[in-house]
Amino acid sequence: MCSALIGFHVFTGCDSVSSFMERPVCTDVNQARLHLFKLDVRSETGMPPNQDALQKHILRANYQAAIHKACMEQYPEIPPPVNHGWKLVDNNLVIDWMDRPPAPDSILEFVQCGCKKSKCQQRNCSCVQNGLPCTDLCHCSNCENKFVSDEMEDEVDTDEEVI
């Protein structure tokens with residue numbers, strides 16, 4: 001029982017591994033997400049992780065548990081965290097949240113936020129969380145996460161050159 005405490009601690013959330021906000025993990029998390037979506041729970045924080053995000057979380061928790069178990073060794077052999085739930089982006093170690101989109105594209109089209117203060121620039125914006133620009137469905141204020149097409153950028157660049 002005691003040997004499981006380290007794994008339980010990191011799996012449920014510690015300083016270096018994220019935690020799940022609520023609901024215990026069931027055997028088929030994708031089905032649980034679909035069930036909650038049908039019940040009109042559309043907030044990402046109110047849903048369990050999808051299978052992809054859960055796998056990445058397990059990798060991070062397993063990696064951190066191995067470090068905790070080896071902490072009393074004088075020279076522990078610790079592999080790099082890359083491919084253990086983290087990745088390198090521009091030489092920075094960042095969390096590898098998932099490889100697939102959080103939901104099918106047909107559902108992601110209806111993602112909307114209601115940000116009032118963050119200008120949709122922080123991770124708590126549901127559009128930003130899903131890597132999407134805000135749309136006309138959003139109820140946000142002073143949004144800085146709008147989609148700008150290449151044509152619109154060209155028009156803005158051309159207008160600026162004329163001025």
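Lys117 NZ: 12 or fewer foreign heavy atoms inside a 6.0 Å radius. With a 6.0 Å radius and a threshold of 12 heavy atoms from other residues, nucleotides or ligands, Glu73 has its CD atom above the threshold.
Checked by atom type and distance alone, the side chain of Gln121 pairs as donor or acceptor with a backbone atom of Glu144 at under 3.5 Å. With Asn50 contributing its side chain and Asp52 its backbone, the two residues share a donor-acceptor pair below 3.5 Å.
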> What do the steps show when you test Lys56 against Asp99 for salt bridge (charged side-chain N to carboxylate O under 4.0 Å, His left out), and what is the final call?
Replying inline: CA-CA 9 Å; Lys56 298 290 186 175; Asp99 293 326; 3.2 Å; yes
> Run the side chain to side chain contact (heavy atoms under 4.5 Å, CB included) check on Cys120 and Cys127 step by step: do they pass?
Replying inline: CA-CA 8 Å; Cys120 303; Cys127 296; over 6 Å; no
> Cys113 and Cys134: side chain to side chain contact (heavy atoms under 4.5 Å, CB included), yes or no, with the steps?
Replying inline: CA-CA 7 Å; Cys113 70; Cys134 292; 3.8 Å; yes
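Of all the heavy atoms in Asp96 and Arg60, the pair that sits closest is O-NH1, 3.2 Å. Of all non-hydrogen atoms in Gly85 and Leu59, the two that sit nearest each other are N-CB, 3.9 Å. Shortest non-hydrogen contact noted between Ala70 and Pro76 is O-CB, 3.7 Å. Residues Leu132 and Asn145 come closest through the heavy atom pair O-ND2, 2.9 Å.
Each of Val128 and Ile95 belongs to its own hydrophobic cluster when Ile, Leu, Val, Met, Phe, Trp and Tyr are linked at side-chain heavy-atom distances under 4.5 angstrom.
With sequence neighbours excluded, the residues that form a side-chain contact (heavy atoms from CB on, under 4.5 Å) with Pro79 are Tyr63, His84. Residues satisfying the side-chain contact (heavy atoms from CB on, under 4.5 Å) criterion with Asn124, sequence neighbours excluded, are Ser118, Gln122.
One finds the NZ atom of Lys119 at 12.5 Å from the SG atom of Cys115 (value rounded to the nearest 0.5 Å). Taken to the nearest 0.5 Å, the CH2 atom of Trp97 stands 11.0 Å off from the NZ atom of Lys87.
Within the 4.5 Å cutoff, side-chain heavy atoms of Ser141 are placed close to those of Lys116.
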